Every structure is written in C-alpha cells, then in structure tokens.
Amino acid sequence: MKIYTLPDSVVAKISAGEVIERPAYAVKELIENSIDARASTIDIQIEDAGLKQIIVQDNGEGMSEEDLKLSFLPHTTSKLDDEHDLIGIKTLGFRGEALASIAAISTLTIKTREKQNPAGYEITIRHGDIEHAGPVGTPPGTIVRVDTLFLSVPARKKFLKSAKTELRLITNVVTNFALSYPSLHFVLTHNGKTIFDLPGRENNLGRIKQLLGNSFFEELLPVALEDGFIQISGFIGRPQSALKNNARQFVFVNQRTVTDRMIQTAVKEAFGSLLPSSSTPIFILEITVPPEIVDVNVHPRKEQISFTNAQEIFAAVKQAVSESLQENNLTFKLAKFRTENSARLGETTSFSGELLKSAVLPWDRSEKIAIKPSERLMQIHQTYIFVPTLEGLGLIDQHAAHERILFEEFVTTFVKKKKDQQAYELNKPLTFDLSLSESQILEEFDQIFTELGFTIDHFQGSTFIIRTAPAVFKGRNLEKIIKDMLVDMAEGELPTIDLRTERMLAFLSCRAAVKAGDVLTERQMKDIIKRLEKTANNATCPHGRPTRIQISIAELDKLFKR
C-alpha cells in the first residue's frame, strides 16, 4: 500500500467538510466573526437557501489590508496568539478555519474597512485562489459574500435537505444568536423578503415572544441563580408545556449556543415527578462561568463543550430550576376557551374518542362481576391471564394485549375515515400562534396538512387560522396536535400515518383498554386471546411492552430440577 501526500486543495476541501456541512454552518461562522468584531448590527441576506448566495454585513471593527490578505488562509486568526490562549477562550471563533473552509468550496468576496481609514479593501477568492484584490469604497465594518457554495464539491449537495428545510436551519441558527445577544440588531432576509428585523434590546423578552411565539412565552417562569463563579439566568416552561423531545431547549454558555446533555439532564431531574419520564421541559438558559473552566475546543463547529467542574455546574443548574419551580405558581393554566377543541389531547371523551371506541370496544368495562371458575383460563391478580398451552403455559398482560388490539383497530378506522376525506368546518375559525421555525415547517409541509383535511391560513405576523380539520380530530386540541405534528415533521419522521397521529391513537388505545385491576369474565378473557391472535404486531403493545410470555414444559422442568 503506497502512501500519498494530499495536495493542499484537497486538504482544504476535506477540512471544509468538517466545518461547513450545509449553508447554515457557513452563516453561523460568519455571524460569529461579526460578533467577535464587536458589531452592533448584523445583516444576513440569503438567496436560494444559501446555495446561491450568502451575505453577512456588519458594522464592526473591520480589518486592515494586511489582515484581510491573511484572513482566508488556513489556521489564521485574530483571536489567539499561542497555545496558552486556548485556556480561557473568550471569543466565539478561534480555530482559524471558518473563512478558509468557506473559501475552499465557493467564491468568497470580502470587503472591509477600519473606522479610522478613509477607504476599505476588497478581495475575491475563487475555490481557494485569489482572483482579485484592491481598494474599494465601503462603509466601516465587514461585508462577506459567499457565492455558489459547494460548487467545487457537488457531492456535498446530495446530503442537503430541501431548500425550505435548509432555510429553516439557517433561521434556527440566527434565532439562537438573536436570543443570546439581545443587544445586537439582527436582520435576516431570504430572496429579498424580510424574515425578521430585530432591533437591539436590553433583554430578550420581546425576542422570545416574536421568535418562539406567544404561547411559548406565556408558559415561561424566570430562573436566576448566582453561586460563586456560576451565574444562571433565563426561563423554564411550566410542566404543562413539556414536549416529547428537546425541540424547545436553548442552552447558552458564555453566550455560545451549545448542546449539552448534562445540562438537559439537570433540568429534567429538577422537574422530578412533575413530568412523566417521556416528556422533556422547555427552557432558555444562559450560563455564565469563567472561560478557563470551559473547553470549547471539542468539535470543529464548537457546538459541544466540556466543563472542568461538571458536577458543580450540574448542581447549580438543578438548584436554579428547582428554586424557580418552588417559588412560582405551577397551577395549570386553563387554555383559552375554544368551542371546537375544548377536550384535552388524548381525552377519550372527545368526539373522535367516542367515534372510534364505539366501533371497536367489545364490552362495557364498567362490568364488575365475580370471576367464574374455568378449567382452562384464570386471571391472576386481576392483571394477567393464565393460559395453558400445548407446549406449556402462557401469561398474557391483559392491558398490553387489549391496548394492541384497540390500537390496530383504531388505525384501521382512522385510515378508512382519512381515505373518505371526512373533514369538518369549525363553527368559529380557530386562531393560534406559531414560532418562526414552526411557521416555516408548516409552509414546508402544507401539502400534507391539506391532504389530511386541514385548512390552515396565515392571518398576520405569527398568527394562523384553522378553518377545517379531519373529522376524527373533532373535539380535540387542534393547536397542540398541529404543533406536535410540526415537531415530528422537522425530525423527518413521516410514516404512512404521521407519527403524531400514531401517538394519539396509541394514547387513545391505552386509555380505552382494560387496566390492571379490572376483573374480567371468562368470556372477556377468551375474547382478548382470540382477537390478539388475529391482530397484527401482537407481540407488544404500541409502546413496546410484551403482551404475552410463553413458558415451555422444558423450562418448567428446569425450575423444578426435573
């Protein structure tokens, strides 16, 4: 095997792949440079989701001609002098890779001017090579223009999502910066259309409402803690606002957006029994600690960090959240009255619950009679059904088995009604708020909602109107169903029946099924066994728990040492 030395151009493209995987990461790196340059206004202009053009303009310090000619070279940076500076990094950027990576896979043009200089300088680099350099008239600050990103590495485009998805990821990046730096003015436009224009503020309350939606804002409780060298501030959501994933969790460490499982776990533990294990709280937390105890040089994109005293950080976050939960009134807020969807999500007394249950429930579960003696069936502790088999014996979990039976029948009923295109018109159109990201997801997947029977129109700002909905959702919390569906769609989870609906039907079947402790007649036990055998996927309930366990004669013999 022969070893080759790779050309510099190939090395640059490989390095670029680690840092700039998609347009959103290029935007992130450029915004970090603007913030490090002490800009107060950052204008981000995007064309064709960043593939055609990205422009980031700031009013920061700018660069001299000499610095400009070095700025796009690999491992050149204004933020570090030597290895000692890696301990206690105070800037967002420091690796000296961003501009070099972007320059290697695009046409990069930089215009810059220091405030004290009458003229600025411009340089254009095409796929790593200087094409033009010279003086130029430009305002103080820096303008970076990225044209035809990934043109020299077309294989990278194969791994990108749709243009709408890539734009949404860019929006999420800018949203994080806007939340973490409320004093800065951020402008984001796409194809000439303004997505948002956020003037600088003293705090981020207004931004939270504008970017994440009024319904998110109304559920927030303040968090504040100062313990020695650790400062924690921000907000947590009331327990009732918890989600099934971490889509609404924002963590900023020294104003750097990070993903940190330890902090997420600390918040979840602070909620304790206030939340079911399957739910995750919403929060926006800003953690300020001395730079020397944070290692941000863990990943090329600087999204992951490690703490030198992780246990202290964990304890402080947990304490801050616990104190907020103790000090604030956690009484569930009654949602605004809505004639069409007053029922809680998952409540089986809704129109759809009654509609489906009436079609598939085999008996009245309120029936409570003494167990009749049987030669072949026995109910054990009013939870399990004992079934002698030809090979030995079987134990059936009555709740899990019935839950699976109902779930499969609910799915069949739902699909049939969906094919019939049964939708209903709301007596009064329902208005609801979406975050900026959610509204982009809705636009991205609008066709799916239309096919399901929803008619959703944009009203104004972040407000939308529901005019029609599928008949099986009549009486349900339409706003929550739609928002949960949007989360699933953002994660790319779109099975034949959308995941939100599948979860709703699983929840419905769980509530409708017999429970542990329900007394069953022999007829009911036989009915469960018979129907379970005819049910698809009958080895587990919809949540993955086994419905039955078989114990062979051979295994029984071993237990009795035969």
Side-chain angles (χ1 to χ4, degrees), residues 6-34 42-58 63 68-76 93 95-112 120-134 136 138 141-174 177 187-195 300-301 440 444:
L6 293 175
D8 291 342
S9 59
V10 175
V11 173
K13 289 182 174 63
I14 293 173
S15 299
E18 295 179 349
V19 180
I20 312 298
E21 295 182 13
R22 56 186 353 119
Y25 295 146
V27 173
K28 172 182 177 292
E29 297 290 346
L30 296 179
I31 292 177
E32 287 184 349
N33 284 345
S34 295
I42 303 175
D43 187 349
I44 305 102
Q45 303 168 41
I46 307 296
E47 286 194 35
D48 293 350
L51 290 177
K52 182 177 180 180
Q53 189 174 86
I54 299 171
I55 298 177
V56 176
Q57 179 174 357
D58 66 55
M63 292 180 282
L68 174 62
K69 292 179 179 179
L70 294 174
S71 64
F72 69 94
L73 299 178
H75 309 300
T76 58
R95 297 174 65 99
E97 294 178 332
L99 285 179
S101 296
I102 296 172
I105 55 176
S106 70
T107 298
L108 177 67
T109 301
I110 306 174
K111 296 180 181 180
T112 187
Y121 300 91
E122 176 184 45
I123 193 167
T124 299
I125 306 101
R126 185 182 296 274
H127 309 315
D129 298 323
I130 296 178
E131 188 176 76
H132 164 76
V136 66
T138 187
T142 300
I143 305 172
V144 180
R145 191 181 77 206
V146 182
D147 293 305
T148 60
L149 189 65
F150 301 131
L151 183 63
S152 62
V153 282
R156 173 62 59 185
K157 293 183 179 180
K158 297 178 182 178
F159 298 93
L160 300 178
K161 303 292 185 180
S162 68
K164 289 182 178 179
T165 300
E166 295 299 330
L167 174 61
R168 173 164 51 82
L169 295 174
I170 291 173
T171 303
N172 290 345
V173 165
V174 184
F177 281 112
V187 181
L188 175 62
T189 59
H190 180 248
N191 293 343
K193 178 182 177 181
T194 300
I195 296 177
R301 290 201 301 271
Q440 289 180 324
E444 187 175 342

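Position 1 is the first residue of the sequence; numbering continues from there. Only a predicted model underlies this, so the values are computations on that prediction, with no experimental measurement involved. Computed from heavy atoms alone, side chains included, the values below leave out hydrogens, waters and symmetry copies.
Note that CD of Q45 and CD1 of I195 are 11.5 Å apart. Values are rounded to the nearest 0.5 Å. Once rounded to the nearest 0.5 Å, the distance linking OG1 of T171 with NE2 of H190 reads 8.5 Å. Note that CD of E29 and CD1 of I54 are 11.5 Å apart. Values are rounded to the nearest 0.5 Å. The CD1 atom of I55 sits 9.0 Å away from atom NZ of K111, with the distance rounded to the nearest 0.5 Å. Atom CZ of R168 and atom CD of E444 lie 4.5 Å apart (nearest 0.5 Å).
Every residue meeting the side-chain contact (heavy atoms from CB on, under 4.5 Å) condition with L51, not counting sequence neighbours, appears here in chain and number order: P23, F150, L160. Applying the side-chain contact (heavy atoms from CB on, under 4.5 Å) criterion to S106, with sequence neighbours excluded, gives I102, L108, V146, L149. Every side-chain contact (heavy atoms from CB on, under 4.5 Å) that V173 has, sequence neighbours left out, goes to A24, K28, F177. Under the rule for a salt bridge (Lys or Arg N to Asp or Glu O under 4.0 Å), the partners of K52 that lie at least two apart in sequence or sit in another chain are E47. With sequence neighbours excluded, no residue forms a salt bridge (Lys or Arg N to Asp or Glu O under 4.0 Å) with D43. Under the salt bridge (Lys or Arg N to Asp or Glu O under 4.0 Å) criterion, K69 pairs with E65, not counting sequence neighbours. With sequence neighbours excluded, the residues satisfying side-chain contact (heavy atoms from CB on, under 4.5 Å) with T107 are T124, R126, D147, T148. Residues passing the side-chain hydrogen bond (donor to acceptor under 3.5 Å, both in side chains) test with S162, sequence neighbours excluded: T165.
The closest side-chain heavy-atom distance from L30 to L99 is below 4.5 Å. In this structure, I44 and T189 have side chains that are not in contact, with every pair of non-hydrogen atoms separated by 4.5 Å or more. Side-chain contact check for T142 versus I110: some heavy-atom pair is nearer than 4.5 Å. Contact of the H132 side chain with the E122 side chain is registered, since non-hydrogen atoms from C-beta on lie closer than 4.5 Å. Looking only at side-chain heavy atoms (C-beta outward), V27 and V174 come within less than 4.5 Å of each other.
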Let's go through L169 and R22 carefully: what are the C-alpha distance in whole Å and the side-chain angles of both, what is the deciding distance for side-chain contact (heavy atoms from CB on, under 4.5 Å) to 0.1 Å, and is it a yes or a no?
CA-CA 9 Å; L169 295 174; R22 56 186 353 119; 3.3 Å; yes
Check against side-chain contact (heavy atoms from CB on, under 4.5 Å), T112 and I143:
CA-CA 6 Å; T112 187; I143 305 172; over 6 Å; no
Walk me through whether I42 and Q57 qualify under side-chain contact (heavy atoms from CB on, under 4.5 Å).
CA-CA 6 Å; I42 303 175; Q57 179 174 357; over 6 Å; no
Would L151 and I105 satisfy side-chain contact (heavy atoms from CB on, under 4.5 Å), going step by step from the backbone distance to the final call?
CA-CA 6 Å; L151 183 63; I105 55 176; over 6 Å; no
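A 6.0 Å sphere centred on NZ of K161 holds no more than 12 heavy atoms belonging to other residues, nucleotides or ligands.
Considering every non-hydrogen atom in both I46 and G50, the closest pair reads CG2-N, 3.1 Å. For the pair F72 and I123, the tightest heavy-atom approach, listed with the atom from each and the gap, is CE2-CD1, 3.6 Å. Among all heavy-atom pairs drawn from A49 and A163, the shortest one is CB-O, 3.4 Å.
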